[in-house]
Engineer: 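This is the structure I have questions about; it appears just below.
Keep in mind the model is a prediction, meaning the values are calculated, not measured.
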Amino acid sequence: AGLGSPWVSWGALMAPSPQDWEQRQEEDTLLIERILLLVRNVLHVPPDPTEEQGVDGDASVHDRVLWALHISGMDDLLKFLASAQAEQQWALHVLEIISLMFRDQSPEELAALGQGQAAAEHGEDTRELETLRQRELAERRARALQRPSRHSRFGGSYVLQGLKAIGDRDVVFHKGLHNV
């Protein structure tokens with residue numbers, strides 16, 4: 001069955017609709033707990049400096065484990081466990097796993113990464129909005145130049161010949177100044 005089979009059963013156990021926590025058997029609950037403990041224990045292994053002497057850009061063992069968890073979809077399942085109301089019994093396990101996922105990161109670095117990306121996106125959005133604003137102003141100016149500077153403010157009454165009103169008289173149409 002290979003490496004993927006425990007994750008397939010994990011996904012089947014944790015899928016939001018097929019099994020509610022009340023319908024889960026004791027074996028399923030034990031399996032979920034064992035998988036969470038296994039992931040926690042794998043992430044808890046301390047780094048070995050002698051083994052991780054690679055190039056500066058080389059990923060550490062911890063980073064490769066995190067990448068494998070991401071590729072397998074385990075991170076999505078952890079997010080589901082953390083956010084699902086019915087799965088609160090796993091909250092401490094999930095919290096510990098998330099804590100271990102970020103163990104090599106300092107809070108300042110994580111905050112700076114988020115702010116730098118947000119600032120870059122904000123700058124890009126601002127430039128894009130300014131470009132759109134300038135284009136709209138140019139279109140307005142072009143439309144204003146195309147319109148004649150004087151327009152008729154004539155308002156009055158018109159006789160529509162050939163169209164009969166009540167009786168034998170022609171229709172009289174009154175156009176007021178407010179309709180101009």
Engineer: Could you tell me which residues satisfy salt bridge (Lys or Arg N to Asp or Glu O under 4.0 Å) with Asp75, sequence neighbours excluded, listed by chain and number?
Structural biologist: none

Engineer: Counting only heavy atoms not in Leu137, do more than 12 fall under 6.0 Å of its CG?
Structural biologist: yes

Engineer: Can you sort out the partners of Glu136 under side chain to side chain contact (heavy atoms under 4.5 Å, CB included), two or more places apart, ordered by chain and number?
Structural biologist: Arg140

Engineer: Quick check: is Leu38 connected to Leu69 through a chain of hydrophobic side chains (ILVMFWY, heavy atoms under 4.5 Å apart)?
Structural biologist: yes

Engineer: Kindly write out the residues that satisfy ring-ring contact (aromatic ring centres under 6.0 Å, His included) with His44, not counting sequence neighbours, or none if the list is empty.
Structural biologist: none

Engineer: In the structure I gave you, are the side-chain heavy atoms of Thr29 and Trp90 within less than 4.5 Å of one another anywhere?
Structural biologist: yes

Engineer: Per the side-chain contact (heavy atoms from CB on, under 4.5 Å) rule, which among Asn41, Leu37, Leu43 passes with Val39?
Structural biologist: Leu43

Engineer: Quick one: NE2 on His93 to CD1 on Ile32, what's the gap to the nearest 0.5 Å?
Structural biologist: 11.0 Å

Engineer: Nearest 0.5 Å, please: how far is CZ in Arg143 from CZ in Arg141?
Structural biologist: 12.0 Å

Engineer: Apply side chain to side chain contact (heavy atoms under 4.5 Å, CB included) to Arg135 and list each qualifying residue two or more places apart in sequence or on a separate chain.
Structural biologist: Thr131, Leu132, Glu139

Engineer: Quick one: side chain to side chain contact (heavy atoms under 4.5 Å, CB included) partners of Val45, sequence neighbours excluded?
Structural biologist: none

Engineer: Measuring from Met74:CE to Ser72:OG, what's the distance to the nearest 0.5 Å?
Structural biologist: 7.0 Å

Engineer: Is it true that Leu66 and Val42 fall in one hydrophobic cluster, defined by side-chain heavy atoms closer than 4.5 Å?
Structural biologist: yes

Engineer: Mind checking what makes salt bridge (Lys or Arg N to Asp or Glu O under 4.0 Å) contact with Arg40, not counting sequence neighbours?
Structural biologist: Glu96

Engineer: With sequence neighbours excluded, tell me which residues meet salt bridge (Lys or Arg N to Asp or Glu O under 4.0 Å) with Asp63.
Structural biologist: none

Engineer: Is there side-chain contact between Leu81 and Leu36, with heavy atoms separated by less than 4.5 Å?
Structural biologist: yes

Engineer: List the atom of His62, the atom of Met101, and the distance in Å for their closest heavy-atom pair.
Structural biologist: NE2-O, 3.4 Å

Engineer: Say whether Val94 and Phe102 are linked into one hydrophobic cluster, either directly or through other cluster members, by side-chain heavy-atom distances under 4.5 angstrom.
Structural biologist: yes

Engineer: Give the other cluster members for Trp67, using side-chain heavy-atom distances under 4.5 Å between Ile, Leu, Val, Met, Phe, Trp and Tyr residues; answer none if it is isolated.
Structural biologist: Ile71

Engineer: Taking the hydrophobic residues Ile, Leu, Val, Met, Phe, Trp and Tyr, and joining any pair whose side-chain heavy atoms are under 4.5 Å apart, which ones share a cluster with Leu30?
Structural biologist: none

Engineer: I'd like to check the side chain to side chain contact (heavy atoms under 4.5 Å, CB included) partners of Leu129; sequence neighbours left out, ordered by chain and number.
Structural biologist: none

Engineer: Could you list the residues that satisfy side-chain hydrogen bond (donor to acceptor under 3.5 Å, both in side chains) with Glu130, not counting sequence neighbours?
Structural biologist: Arg133, Gln134

